[in-house]
Novice: 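Before we start, here is the structure in question, set down as structure tokens.
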Amino acid sequence: MTDKALQYFDTAGFQQDLLKWYDENKRDLPWRKSQDPYKIWVSEIMLQQTKVDTVIPYFHRFMEQFPTVYELADADPQDVLKAWEGLGYYSRARNLQNAVREVVAEYGGKVPDTPRELGSLKGIGPYTKGAILSIAYNKPEPAVDGNVMRVFSRVLKIEEDIAQQRTKKLFDTYVREVISEEDPSSFNQAIMDLGSSICTPKSPACLLCPVQEYCIAFAEGMEESLPIKSKAKKQKPKAYVVLLIKNDKSEYVIEKRSDKGLLADLWQFPMVPIDEVGWDHVGNWVNDEYGLDIKINAKKGNLKHVFSHIIWQLEIYEAETQQQELTDERLLLVEKDGLERYPFPVSHQKMMSYIK
DNA sequence: AAAACGGGGTT
DNA sequence: AACCCAGTTTT
């Protein structure tokens, strides 16, 4: 006990009240039905920046399709991406499969249980490493996410900016001192449940909180103003023309995105930055980016799609082509009912309704 | 240290 | 429209 913030902190009492509350109130979540490290791993990757309610159906489908590390290691990466379709942060899916392949190749299919080995796997950072070690292997390792920082910033009245990297390390040392050595799995999950249901970002339910008596922020009536977090930059708008191009066999042109950057390896309808679009005097498409010979028919609508750092402003047009084959290797002609085999970002899934 | 990387929900 | 979020990798 070297740190001032914990000098007078009743660690034993805090643990006891938190764990009792967790035992009586823990949520019944699909990944809590076993301690299978692979299942814990998949759930934790899916839960990064993603709500529980969103993850649950994906988790069920994923486990049905890839029940163990071996099925996932053997899978076609496009099928993994398809299983991830709509979840976002698609590098998570690619990194997860790469890491699982390493587990099969280097660790005989057993998910490692040491911080060093686990942390060396693709997509497993400090948080996920701690979550797997504590939940699957019951090791007293911190798993510091947004919930933990929010709960601890209030309980201990920490006023550092939680958007800063060094602040995360600060919380790591606090959790390392306060975590239950007897039941680190329940301790970490209890903090997450508490942050999710009681110690919420807005209007926390302090009157229902099992650890209210330990909370400095509550005692001082400042729970609403913690944690301190610097604001994110505003997104930059980027405008595109999107083309729903059909040939006379009712096949549609789709395009595979780059294997790097935003929405890597997903498919989309051809999309051109609006400032690179050329129209002739009778309104014909003259941009030859894809080597396509097309005729624009009608504007189908506008779509706005917000990312964390960009806002797409999309103008959607219906078009037709006489071509039966394509020269650009990024492009593919696919019948309407075949589109569902390819992983699309949510923005382009929404355009499917325009072609019914 | 900052930016890139999705999507959905709440206020 | 602004704000929130069960993070990791790349630059």
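Excluded from the calculations below are hydrogen atoms, water molecules and symmetry mates; all remaining heavy atoms, backbone and side chain alike, are included. Numbers restart at 1 for each chain; the letters A, B, ... are given by sequence-line order, proteins then strands.
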Novice: Which nucleotide wins on minimum distance to the side chain of A:M192, given the candidates B:dG8, C:dG7, C:dA6?
Specialist: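 So the side chain of A:M192 is nearest to C:dA6.
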Novice: OP1 or OP2 of C:dC3 sitting under 4.0 Å from any side-chain N/O of A:K229?
Specialist: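 Indeed not, no polar side-chain atom of A:K229 lies that close.
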Novice: Indicate, yes or no, whether a donor-acceptor pair under 3.5 Å links the base of B:dG6 to the side chain of A:T50.
Specialist: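 It does, because a donor-acceptor pair links the side chain of A:T50 to the base of B:dG6 below 3.5 Å.
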Novice: C:dC3, C:dA1, C:dA6: which one has an atom nearest the side-chain heavy atoms of A:L29?
Specialist: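 Per side-chain heavy atoms of A:L29, the pick is C:dA6.
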Novice: Which nucleotide in the set C:dA1, B:dG6, C:dA6 lies at the smallest distance from any side-chain heavy atom of A:L47?
Specialist: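 Looking only at heavy atoms from C-beta outward on A:L47, the closest nucleotide is C:dA6.
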Novice: How close or far is atom P of C:dG7 from atom NZ of A:K168, stated in whole angstroms?
Specialist: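 Going from NZ in A:K168 over to P in C:dG7 covers 7 Å.
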Novice: What is the distance from CD of A:Q235 to P of B:dA3, rounded to the nearest Å?
Specialist: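 In whole Å, B:dA3 P and A:Q235 CD are 14 Å from each other.
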Novice: Please classify the nucleic acid contact of A:K260 as base, sugar-phosphate, or nothing, using heavy-atom distances under 4.0 Å.
Specialist: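 Answer is nothing: A:K260 stays at 4.0 Å or more from every strand.
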Novice: Counting only side-chain nitrogens and oxygens, does A:H305 get under 4.0 Å of the OP1 or OP2 atom of B:dG6?
Specialist: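 For B:dG6, neither OP1 nor OP2 has a side-chain N or O of A:H305 closer than 4.0 Å.
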Novice: Determine, using ring centers only, whether A:F269 and A:F344 are less than 6.0 Å apart.
Specialist: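 Here the rings of A:F269 and A:F344 have centres that are less than 6.0 Å from each other.
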Novice: At under 4.0 Å between heavy atoms, what does A:V52 touch on the DNA or RNA strands: base, sugar-phosphate, or nothing?
Specialist: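 Here A:V52 touches the bases of the nucleic acid.
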Novice: Check every atom of B:dA2, C:dT8, C:dC5 against the side chain of A:P126 and return the nucleotide holding the closest atom.
Specialist: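 Closest of the options to the side chain of A:P126: C:dT8.
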Novice: Closer than 4.0 Å, any side-chain N/O of A:K233 to the OP1 or OP2 of B:dA3?
Specialist: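 Yes, such a contact exists.
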Novice: What integer distance in Å separates A:M46:CE from C:dA6:C1'?
Specialist: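 Answer to the nearest Å: 13 Å.
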Novice: Within the structure shown, what part of the strands sits under 4.0 Å from A:R27 by heavy-atom distance: base, sugar-phosphate, or nothing?
Specialist: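 Here A:R27 touches the bases of the nucleic acid.
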Novice: Would you mind classifying the nucleic acid contact of A:I45 as base, sugar-phosphate or nothing, using non-hydrogen atoms under 4.0 angstrom?
Specialist: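 A:I45: no heavy atom of the nucleic acid under 4.0 Å.
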Novice: Write down the distance separating the P atoms in B:dG6 and C:dT11, rounded off to the nearest Å.
Specialist: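 Between the two P atoms, the distance is 14 Å.
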Novice: Of A:I124 and A:S43, whose closest DNA chain C nucleotide lies nearer the 5' terminus?
Specialist: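 It is A:S43 whose nearest nucleotide is closer to the 5' end.
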Novice: Tell me what A:I310 touches on the nucleic acid: a base, only sugar-phosphate, or nothing, going by heavy atoms under 4.0 Å.
Specialist: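 Answer is nothing: A:I310 stays at 4.0 Å or more from every strand.
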Novice: Think A:Q48 has a side-chain N or O under 4.0 angstrom from the OP1 or OP2 of C:dA6?
Specialist: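 Result: no.
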Novice: Go through the steps for A:I296 and A:L243 under the test side-chain contact (heavy atoms from CB on, under 4.5 Å), then give the verdict.
Specialist: CA-CA 8 Å; A:I296 306 286; A:L243 300 168; 3.6 Å; yes
Novice: Would you state whether a donor and an acceptor, one from the side chain of A:R92 and one from the base of C:dA6, lie under 3.5 Å apart?
Specialist: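 Answer no: no donor N or O sits under 3.5 Å from an acceptor.
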Novice: In whole angstroms, how far is the P atom of C:dA6 from the CD1 atom of A:I40?
Specialist: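 Taking atom P of C:dA6 as the reference, CD1 of A:I40 is at 18 Å.
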Novice: Considering only B:dG6, C:dT9, C:dA6, which nucleotide approaches the side chain of A:K122 most closely?
Specialist: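 Closest nucleotide to the A:K122 side chain: C:dT9.
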Novice: Any N or O donor-acceptor pair linking the side chain of A:Y89 to the base of B:dG6 at under 3.5 Å?
Specialist: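 Side chain to base: pair found, below 3.5 Å.
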Novice: Between atom CH2 in A:W312 and atom C1' in B:dC5, what is the gap in whole Å?
Specialist: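 Taking CH2 of A:W312 and C1' of B:dC5, I get 12 Å after rounding.
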Novice: Between B:dG7 atom P and A:F344 atom CZ, what is the distance in whole Å?
Specialist: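 About 13 Å, once rounded to whole Å.
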Novice: Give me the atom names and distance for the closest heavy-atom approach of A:R257 to A:M271.
Specialist: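 Result for this residue pair: NH1-CE, 4.2 Å.
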Novice: Using the side-chain heavy atoms of A:L263, tell me which of these nucleotides is nearest: C:dA6, B:dG7, B:dA1.
Specialist: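 So the side chain of A:L263 is nearest to B:dG7.
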Novice: Please determine whether side-chain contact (heavy atoms from CB on, under 4.5 Å) holds for the pair A:K236 and A:I310, giving the CA-CA distance in whole Å, both sets of side-chain angles, and the decisive distance to 0.1 Å.
Specialist: CA-CA 5 Å; A:K236 213 171 163 176; A:I310 306 170; 5.7 Å; no
Novice: What nucleotide among C:dT9, C:dA6, B:dG7 has an atom nearest to a side-chain atom of A:N95?
Specialist: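 Among C:dT9, C:dA6, B:dG7, the one nearest the side chain of A:N95 is C:dT9.
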Novice: Considering only atom P, compute the distance from C:dA6 to B:dA4 and round it to an integer number of Å.
Specialist: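 23 Å, rounded to whole Å.
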Novice: Using atom CG of A:L303 as one end and atom P of B:dG6 as the other, report the distance to the nearest whole Å.
Specialist: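 Taking atom P of B:dG6 as the reference, CG of A:L303 is at 17 Å.
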Novice: Starting the side chain at C-beta, find the nucleotide from B:dG7, C:dC4, C:dA6 nearest to A:K202.
Specialist: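 Between B:dG7, C:dC4, C:dA6, the one nearest the side chain of A:K202 would be C:dC4.
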Novice: Ignoring the backbone of A:Y127, work out which of C:dT9, C:dC4, C:dA6 is nearest its side chain.
Specialist: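 From the listed options, C:dA6 comes nearest.
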Novice: Has A:R94 got a side-chain N or O lying under 4.0 Å from the OP1 or OP2 atom of C:dT9?
Specialist: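 Answer is no, no contact under 4.0 Å.
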Novice: Calculate the interatomic distance between A:W41 atom CH2 and C:dT8 atom C1'; express it in whole Å.
Specialist: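 One finds 14 Å between C1' of C:dT8 and CH2 of A:W41, rounded.
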Novice: Does the gap between the ring centers of A:Y214 and A:F14 come in under 6.0 Å?
Specialist: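 Under 6.0 Å, so yes.
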Novice: Taking all heavy atoms of A:V178 and all of A:Q15, pick out the closest pair and write down the distance.
Specialist: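 Between these two residues, the closest heavy atoms are O-NE2, 2.8 Å.
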Novice: Across the strands shown, which category fits A:I191 at heavy-atom distances under 4.0 angstrom: base, sugar-phosphate, nothing?
Specialist: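 Since no nucleic acid heavy atom lies under 4.0 Å of A:I191, the category is nothing.
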Novice: Report yes if at least one side-chain N or O of A:H309 is closer than 4.0 Å to OP1 or OP2 of B:dA3; otherwise report no.
Specialist: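 No, because none of the side-chain N or O atoms of A:H309 sits under 4.0 Å from OP1 or OP2 of B:dA3.
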Novice: Can you spot which of A:R32, A:R27, A:K26 makes a side chain to side chain donor-acceptor pair (under 3.5 Å) with A:Q189?
Specialist: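 Result for side chain to side chain donor-acceptor pair (under 3.5 Å) with A:Q189: A:R32.
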Novice: Taking any heavy-atom pair under 4.0 Å as a contact, classify A:G195: base, sugar-phosphate, or nothing.
Specialist: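 Nothing, no nucleic acid heavy atom in range.
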Novice: Could you tell me whether A:S347 contacts a base, only the sugar-phosphate backbone, or nothing, with contacts defined as non-hydrogen atoms closer than 4.0 Å?
Specialist: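 No contact.
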Novice: Closest-nucleotide mapping onto DNA chain B: is A:K350 or A:S203 further toward the 5' terminus? I mean the 5' end.
Specialist: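 First, find each residue's nearest nucleotide; the 5'-ward one identifies A:K350.
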Novice: Mind listing the closest non-hydrogen atom pair of A:P142 and A:N188 along with its distance?
Specialist: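 So the minimum-distance heavy-atom pair works out to C-ND2, 4.4 Å.
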